[in-house]
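For reference, the structure discussed in these notes is given below.
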Amino acid sequence: MERQDKNGLSELVRNRIQSSIDAKQKLLADPAYIEQVTQAASAMVKSLRNGGTIFFFGNGGSAADAQHLAAEFTGRYLKERRPLPALALSVNSSSVTAIGNDYGFDLVFARPLEALGKAGDVAVGITTSGNSPNVVRALEVAKAKSIFTIAFSGAKGGLVKELADCPICIPSDQTPRIQECHILTGHVICEIVENALYADMVSGAQENVTVGAGSARR
């Protein structure tokens, strides 16, 4: 019995890895996805060159992805370089809970973006369904403020597909596979942005800036 259970778990591990590979193979073969990723990265490069900020937001696992990607900008991705202005709108718990309590959860990203965002910034909404109301509301605010909008979503795209300037729809309806492809997409964008802004630097090269003590050890 124990051996059967172990074999069953091993098969589950293999199946999930294969499912993740299959989703990424679809991305690899999709010219539209590749074009959307390069468009998103180019918009960020343009914004950062002109003093803009990149705003990330999402719920649950997507909030974790937002925080992760913002950290790649304000810390570093692969290159030692100056920090780049980016912010995850879910990380201020006082703001999120105050706005959620006083105005409703649908506005927890929209109000900070209305307060902090400006024309020329970039807003990245992350939602596996494409229909998260607070992500939709924030993207609406962004468009009203002439902020370039990017949406990471799943196969159907949901409401954000039609709303965002650059919708990036992962060809899967399984939340874990979508999230895995979202962070892959985010990492690729980070690399494109770093290479565009710091083309003369190589990975690991030192720049005349102060680098956080833990940045080389994570």
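For the single chain, residues carry numbers from 1 onward in sequence order. The analysis underlying the following values was restricted to heavy atoms, covering all of them including side chains, and did not include hydrogens, waters or symmetry mates.
- Looking only at side-chain heavy atoms (C-beta outward), V122 and T53 stay at 4.5 Å or farther from each other.
- Atom NZ of K46 is surrounded by 12 or fewer heavy atoms from other residues, nucleotides or ligands within 6.0 Å.
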Going through the distances and angles, do E80 and R76 end up as a salt bridge (charged side-chain N to carboxylate O under 4.0 Å, His left out)? CA-CA 7 Å; E80 295 288 6; R76 69 169 186 187; 2.2 Å; yes
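- Residues R82 and L197 form no side-chain contact, since every pair of their non-hydrogen atoms from C-beta on lies 4.5 Å or further apart.
- Side-chain contact between H187 and Y77 is present, with at least one heavy-atom pair separated by less than 4.5 Å.
- Follow the hydrophobic side-chain contacts under 4.5 Å out from L48 and you never reach L116; the two are in separate clusters.
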Could you walk me through whether D165 and K143 satisfy the salt bridge (charged side-chain N to carboxylate O under 4.0 Å, His left out) test, starting with their C-alpha distance in whole Å, then the side-chain angles of each, then the deciding distance to 0.1 Å, before giving a yes or no? CA-CA 9 Å; D165 296 311; K143 292 187 75 68; 2.9 Å; yes
Quick one, D121 with S47, criterion side chain to side chain donor-acceptor pair (under 3.5 Å). Give me CA distance, side-chain angles, the key distance, then yes/no. CA-CA 6 Å; D121 289 337; S47 175; 4.5 Å; no
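- Residues passing the side-chain contact (heavy atoms from CB on, under 4.5 Å) test with I21, sequence neighbours excluded: I17, Q18, Q25.
- The minimum heavy-atom distance linking A66 with F57 is given by the pair CB-N, 3.8 Å.
- The minimum heavy-atom distance between G58 and A63, with the atom names listed, is O-CB, 3.1 Å.
- Side chains of K24 and S20: a donor-acceptor N/O pair is present below 3.5 angstrom, by distance only.
- The shortest non-hydrogen separation linking C190 to F73 is SG-CE1, 3.7 Å.
- Here CD1 of I147 is found 9.5 Å from OG1 of T149. Values are rounded to the nearest 0.5 Å.
- When every heavy atom of I178 is checked against every heavy atom of G154, the shortest pair comes out as CD1-CA, 3.7 Å.
- Remark: R111 qualifies as a cation-pi partner of Y103 under the 6.0 Å distance and 45° angle criteria applied to the six-membered ring.
- Here the shortest heavy-atom pairing between I192 and A41 reads CG2-CB, 3.5 Å.
- When side chains are defined from C-beta on, T185 counts as touching I189, because their heavy atoms get closer than 4.5 Å.
- Minimum interatomic distance between G125 and L139 (heavy atoms only, all atoms of both residues): N-CD2, 4.2 Å.
- In this view, S153 and V160, C169 satisfy the side-chain contact (heavy atoms from CB on, under 4.5 Å) rule, not counting sequence neighbours.
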Apply salt bridge (charged side-chain N to carboxylate O under 4.0 Å, His left out) to E194 and R81, showing your working. CA-CA 9 Å; E194 278 196 340; R81 39 80 176 169; 2.9 Å; yes
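- For an aromatic pair to be called close, the ring centres must be under 6.0 Å apart, and H182 with H68 fails this.
- Annotation: side chain of L107 is not in contact with side chain of N134 (no heavy-atom distance under 4.5 Å).
- To the nearest 0.5 angstrom, I150 atom CD1 is 13.0 Å from F55 atom CZ.
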